Visitor: 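Can you read through this structure? Questions will come right after.
Note that the numbering runs from 1 along the sequence shown for the chain. Computed from a prediction, not measured in an experiment: that's the story for all the values here.
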Amino acid sequence: KEAKKLFEEVLATNPPEEVQKNIKQVLLVVDNGLKPDVFSGSVSTGFNLDSNANSAASSGQTTFVDTSIPLSDGSTASRDGHFYASVSLTHAHKFDIDNDFYKLRYETTGTVYKTHQDTEHSLDLGLASIKTGPVIEVPDLKTTFGINGTSSIIDLNGNRYL
């Protein structure tokens, strides 16, 4: 808040055009930092190719307590690809606390993830999750503390779990 006042005082003196331009850019950042509510998010998508999707040993055998156990042909390496997509949105409300020791905000994050396997259909996965709670930041200690509650719904091959 103090920086904003100082920059506005400098602007009032009608400095050179280049200085005004720089100050206005800094003021945009300062104004965004002073907003009590901040929204952010991400979207990602992609394709993974796995040469051993079922996680069995590609050698045709596995070892258990120093004993080699042969695997059937159906359990050896199986190539698989999967598409995935993820969307996440976060809202943070910053409380206006005039305190040099700590900062307090309340954050809520929602995430949706979905993947589809080409051949290992039983591994199709969907996830919807929400996490919310207070966050206390102590800048002098470079430490952040948070307490949150989370609720997730997992869909595994059409079966839902909470």
Visitor: For a quick test of reading the model, state the closest non-hydrogen atom pair linking Phe101 to Val138 and the distance between them.
Guide: O-CG1, 3.6 Å
Visitor: To the nearest 0.5 Å, what is the distance between CD on Glu18 and CD1 on Ile23?
Guide: 11.0 Å
Visitor: Once you round to the nearest 0.5 Å, how far does CZ of Phe95 lie from OH of Tyr102?
Guide: 10.5 Å
Visitor: Could you tell me whether the side chains of Glu107 and Asn148 share a donor-acceptor contact shorter than 3.5 Å?
Guide: no
Visitor: Do Gln20 and Asn14 come within less than 4.5 Å of each other through their side chains, counting heavy atoms only?
Guide: yes
Visitor: Any side-chain to backbone donor/acceptor pair from Thr143 onto Leu141? Under 3.5 Å, distance only.
Guide: yes
Visitor: Do Asp155 and Tyr161 have side-chain heavy atoms sitting under 4.5 Å apart?
Guide: no
Visitor: Is any side-chain heavy atom of Pro36 less than 4.5 Å from a side-chain heavy atom of Asp96?
Guide: no
Visitor: Test Thr90 against Phe39 for side chain to side chain contact (heavy atoms under 4.5 Å, CB included), laying out the working first.
Guide: CA-CA 6 Å; Thr90 298; Phe39 292 89; over 6 Å; no
Visitor: Do Thr150 and Ser129 come close enough that some side-chain heavy atom pair is under 4.5 Å?
Guide: yes
Visitor: Do the non-hydrogen side-chain atoms of Thr111 and Val87 ever get within less than 4.5 Å of each other?
Guide: no
Visitor: Can the ring centroids of His116 and Phe83 be said to lie less than 6.0 angstrom from one another?
Guide: no
Visitor: How about NZ on Lys103, more than 12 heavy atoms from neighbouring residues, nucleotides or ligands closer than 6.0 Å, or not?
Guide: no
Visitor: Closest heavy-atom contact between Arg105 and Lys94?
Guide: CB-CA, 4.0 Å
Visitor: How close do Pro15 and Val10 get, counting heavy atoms only, and between which atoms?
Guide: CD-O, 3.3 Å
Visitor: Around Leu104, counting heavy atoms of other residues, nucleotides and ligands shown, do more than 12 lie under 6.0 Å from its CG?
Guide: yes
Visitor: Mind checking the OG1-CG spacing from Thr109 to Leu89? Nearest 0.5 Å is all I need.
Guide: 8.0 Å
Visitor: Could you pull out the closest heavy-atom pair between Asp37 and His91, with the gap in Å?
Guide: OD1-NE2, 2.8 Å
Visitor: Should Val26 and Leu34 be counted in the same cluster of Ile, Leu, Val, Met, Phe, Trp and Tyr side chains packed under 4.5 Å apart?
Guide: yes
Visitor: Do Ile130 and Thr108 have side chains that get closer than 4.5 Å, going by heavy atoms?
Guide: yes
Visitor: Looking at Asp100, I want to see if its CG is surrounded by more than 12 non-hydrogen atoms of other residues, nucleotides or ligands under 6.0 Å.
Guide: no
Visitor: Between Glu2 and Lys4, does the salt bridge (Lys or Arg N to Asp or Glu O under 4.0 Å) criterion hold? Intermediate values first, please.
Guide: CA-CA 5 Å; Glu2 293 174 20; Lys4 181 176 180 174; over 6 Å; no
Visitor: Are Ile154 and Val112 grouped together when hydrophobic residues (ILVMFWY) are joined by side-chain heavy atoms under 4.5 angstrom apart?
Guide: no
Visitor: Which class fits the ring pair Tyr84 and Tyr113: parallel under 30°, tilted 30 to 60°, perpendicular over 60°?
Guide: parallel
Visitor: With a 4.5 Å heavy-atom cut-off, do Leu28 and Gln25 have their side chains touching?
Guide: no
Visitor: Would you find more than 12 non-hydrogen atoms of other residues, nucleotides or ligands less than 6.0 Å from Lys131 atom NZ?
Guide: no
Visitor: Is there a path of hydrophobic side-chain contacts, each under 4.5 Å between heavy atoms of I, L, V, M, F, W or Y residues, that connects Val19 with Leu6?
Guide: no
Visitor: Looking at side-chain heavy atoms only, is the closest gap between Thr45 and Ser86 below 4.5 Å?
Guide: no
